[in-house]
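Read through the structure below, which is laid out as structure tokens, and then see the notes.
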Amino acid sequence: MAFDDAYGALTDHDDDARWAYGTGFTDPLAGVPSGLPDGVDRADLTAYCLMLGDDALVMSHRLQQWVTRAPELEDELALANIGLDLLGQARLLLTRAGEAEGAGRDEDALAYGRDPGEFRNVRLAERADADFAHLMARLLVFATWRLALFDRLAGSSDQMLAAIAAKGVKELTYHRDYAAQWVVRLGDGTALSHERMAAAVTAVLPLVEELFQPHEVELRLTAAGVAVDPAALRPEFDAVLTQVLAAATIEAGPVRAVAAGTGRGGEHTEALTEILAELQQLARAVPGGSW
Amino acid sequence: MTGEEIFADTIARDQRVEPRDWMPDGYRQTLIRQIAQHAHSEIIGMQPEGEWITRAPSLRRKAILLAKVQDEAGHGLYLYSAAETLGADRGDLTQRLIEGRQKYSSIFNYPTLSFADVGVIGWLVDGAAICNQVPLCRSSFGPYARAMIRICKEESFHQRQGYELLMTMMGGTPEQRDMVQDAVDRWWWPSLMMFGPPDADSPNSARSMAWKIKRHSNDELRQRFVDMSVPQAEALGVTLPDPELRWNAEREHYDFGTPDWSELQRVITGDGPLNRQRIARRRQADSDGAWVREAAAAYAEKQRSAGNGSGR
């Protein structure tokens with residue numbers, strides 16, 4: 001049988017479709033116009049794509065840290081899957097940021113070449129997870145917020161952003177559903193899991209306020225029809241969270257938002273410094289390397 | 001015909017034995033042991049490469065590696081399912097793994113010291129696994145054979161990805177080429193050991209061959225692997241660390257040196273470089289996740305009782 005020549009596949013280069021990612025980077029957005037919409041400031045569009053791209057890159061990194069540590073094999077698969085989806089979103093958004101910037105930086109230059117203060121992700125994305133309940137609480141909040149955002153961003157006047165968002169909606173719907181199911185199971189499972197899930201929700205909620213504080217770039221680009229005003233996402237987010245927490249029998253106590261700046265403005269916790277030290281270590285150690 | 005006669009006839013005619021068919025107890029136990037060890041190998045095998053996901057030096061390589069490690073979890077899942085068709089239980093098999101009562105491939109007890117190791121694992125370790133596993137696609141037990149067909153397809157993509165990474169690195173800086181050669185030096189002999197001890201010292205082989213669970217001897221498969229790898233190494237521009245390696249025109253095979261079988265023995269019996277760490281990580285994940293699994297079971301039970309109340 002054909003399989004008996006195990007190395008035959010090495011010289012057979014016509015079945016790229018059967019690879020998870022192919023041997024090269026095949027552009028899932030091939031054919032989408034990449035020109036900038038009229039009247040949009042390049043620096044603003046670059047910053048906006050970095051905000052959304054960094055959210056995904058940093059959240060994906062936290063999911064990657066869970067590989068081989070999931071409570072069950074099915075969750076091992078699911079967490080890797082979600083991490084891959086977000087990594088894919090990050091790659092498209094960073095690539096778009098590089099195009100908008102026009103300075104020749106690609107996805108890798110942006111992911112590996114910037115220092116913590118240049119990252120624009122919300123602080124929710126960088127938070128380390130004390131246990132599986134914390135991860136699920138954070139993922140529920142992240143996916144619910146981002147899904148509401150991408151739903152609207154699919155109508156962006158930047159056709160590239162619109163296409164990236166439309167592709168992401170399907171993925172984020174699954175992420176939200178996966179996290180919601182676990183929040184409910186843990187909240188309404190055993191006494192111990194209820195206690196841990198409630199503690200996780202309490203820990204994550206102070207990071208929620210920041211998600212809905214508009215940055216000036218977001219406001220300018222919303223006026224230009226490119227971006228979404230995050231404040232507009234709040235009612236949908238609250239409705240979903242209320243429903244899931246009720247099903248999980250968890251009562252959210254009074255919430256006090258974390259103070260001191262926003263990730264959108266480049267202000268982060270030391271968690272991001274740790275993430276970037278790991279993410280960038282090898283790429284920076286071999287300057288000019290080809291991978 | 002009796003069940004025993006039907007079984008013998010099925011094997012003789014090269015047909016597949018299915019889970020509900022009668023089978024000798026030894027056949028069932030041998031298969032459970034082999035499939036479980038294979039599943040454990042996939043799960044433990046996530047660790048050496050998994051170490052590099054967060055540090056992968058480009059986003060494309062990160063995506064490829066994450067997808068590969070995810071595939072390994074998937075392979076573990078369908079192999080455990082194949083073992084369950086024989087009456088085994090996944091939770092019980094996991095306990096056997098973390099208590100050291102069942103083994104996994106000893107290759108995963110070696111460390112991954114550089115990113116080139118990710119490429120070499122794809123090229124040599126997955127390559128050796130493919131040589132071992134391709135014949136299992138014709139194994140006499142149906143669920144195992146079918147799982148192996150899918151696994152072999154995915155493994156061959158992984159192997160190609162690994163080789164392509166090495167090709168790219170060999171085209172990079174001198175430091176990168178040194179990383180590749182160093183990784184090849186460290187992984188070549190352990191890869192040869194993946195085929196198991198020499199045939200003369202392989203106690204279970206003969207019976208497995210008679211039952212057509214296994215199709216080729218360890219030494220046959222090892223020779224096939226060497227013959228395939230040498231031209232690949234030349235194309236890559238690396239040296240395989242074996243001074244005795246040379247083409248034998250008479251045999252039409254490569255001659256090669258003898259692996260250090262005492263090292264294999266030490267690694268198998270638990271004294272490889274990372275045996276304890278690999279098992280400790282798996283045990284930690286299992287115990288850290290216990291409260292989550294208990295919660296899921298409790299929740300499912302509540303739903304079931306509620307469902308019964310409404311007439312389900």
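Here is how names work: the chains are called A, B, and so on, in the same order as the sequence lines, proteins then strands, and each is numbered from 1.
Listed by chain and number, the residues in a salt bridge (Lys or Arg N to Asp or Glu O under 4.0 Å) with Arg278(B) amount to none (sequence neighbours excluded). For Glu301(B), the salt bridge (Lys or Arg N to Asp or Glu O under 4.0 Å) partners are Arg304(B), not counting sequence neighbours. Evaluation of the salt bridge (Lys or Arg N to Asp or Glu O under 4.0 Å) rule for Asp14(B) yields Lys212(B), Arg215(B) as partners, not counting sequence neighbours.
Residues Arg69(A) and Gln284(B) have side chains that never bring a donor and an acceptor to within less than 3.5 angstrom of each other. Side chains of Gln181(A) and Asp177(A): a donor-acceptor N/O pair is present below 3.5 angstrom, by distance only. A donor-acceptor contact under 3.5 angstrom links the side chains of Gln65(A) and Glu278(A), judged on distance only. Looking only at atom types and distance, the side chain of His158(B) has no donor-acceptor partner in the side chain of Tyr163(B) under 3.5 Å away. Side-chain contact annotation: Tyr144(B) with His38(B), donor-acceptor N/O pair under 3.5 Å present. Side chain to side chain, Thr68(A) and Arg281(B) meet the donor-acceptor criterion of an N or O pair below 3.5 Å.
One finds no salt bridge joining Asp108(A) and Arg60(B) here, because no Lys/Arg side-chain nitrogen approaches an Asp/Glu carboxylate oxygen to under 4.0 Å.
Trp291(B) carries Arg196(A) over the face of its six-membered ring, with the cationic atom under 6.0 Å from the centre and within 45° of the normal.
Ring geometry, Trp182(A) versus Tyr178(A): the interplanar angle exceeds 60°, so the pair is classed perpendicular (tilted spans 30 to 60°).
Ranked by heavy-atom pairs under 4.5 Å with chain B, the list Gly83(A), Ser193(A), Ala90(A) is led by Ser193(A). Each of Leu59(B), Ile53(B), Asp288(B), Val292(B) has some count of heavy-atom pairs under 4.5 Å with chain A, and the biggest count is that of Leu59(B). Of the listed residues Ala285(A), Gly189(A), Gly187(A), Gly289(A), the one with more heavy-atom pairs under 4.5 angstrom with chain B than any other is Gly189(A). The candidate from Ala56(B), Gly171(B), Ser114(B), Gly50(B) with the greatest count of non-hydrogen atom pairs under 4.5 Å with chain A is Ala56(B). Chain B forms the most heavy-atom pairs under 4.5 Å with one residue out of Gln281(A), Glu74(A), Met197(A), and that residue is Glu74(A). The greatest number of non-hydrogen atom pairs below 4.5 Å with chain A, out of Ala73(B), Gly76(B), Ala298(B), is found for Ala73(B). Note on Gln280(A), Arg185(A), Glu76(A): by heavy-atom pairs under 4.5 Å with chain B, the leading option is Arg185(A). Interface remark: of the candidates Arg55(B), Met46(B), Gln176(B), Gln176(B) forms the most heavy-atom pairs closer than 4.5 Å to chain A. When Leu279(A), Thr190(A), Leu73(A), Val67(A) are compared by the number of non-hydrogen pairs under 4.5 Å with chain B, Leu73(A) comes out ahead. Heavy-atom pairs under 4.5 Å with chain A peak, among Arg90(B), Arg282(B), Arg61(B), Lys68(B), at Arg90(B).
The contact between Gln47(B) and chain A is made by backbone and side chain atoms together, counting heavy-atom distances below 4.5 Å. Residue Asp131(A) touches chain B through its side chain alone, counting heavy-atom pairs closer than 4.5 Å. When heavy atoms are compared at a cutoff of 4.5 Å, Met179(B) approaches chain A solely by way of its side chain, counted from C-beta outward. If you measure heavy-atom distances from Leu77(A) to chain B, the contacts under 4.5 Å come from both the backbone and the side chain. Neither the backbone nor the side chain of Ile44(B) comes within contact range of chain A; no heavy atom of the residue lies under 4.5 Å from a heavy atom of that chain.
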Would Tyr78(B) and Arg150(B) count as a side chain to side chain donor-acceptor pair (under 3.5 Å) here? Give the steps. CA-CA 10 Å; Tyr78(B) 34 87; Arg150(B) 179 162 168 192; 3.0 Å; yes
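Below 4.5 Å, heavy atoms of chain B meet heavy atoms from Leu57(A), His61(A), Gln64(A), all part of residues 55-64 of chain A.
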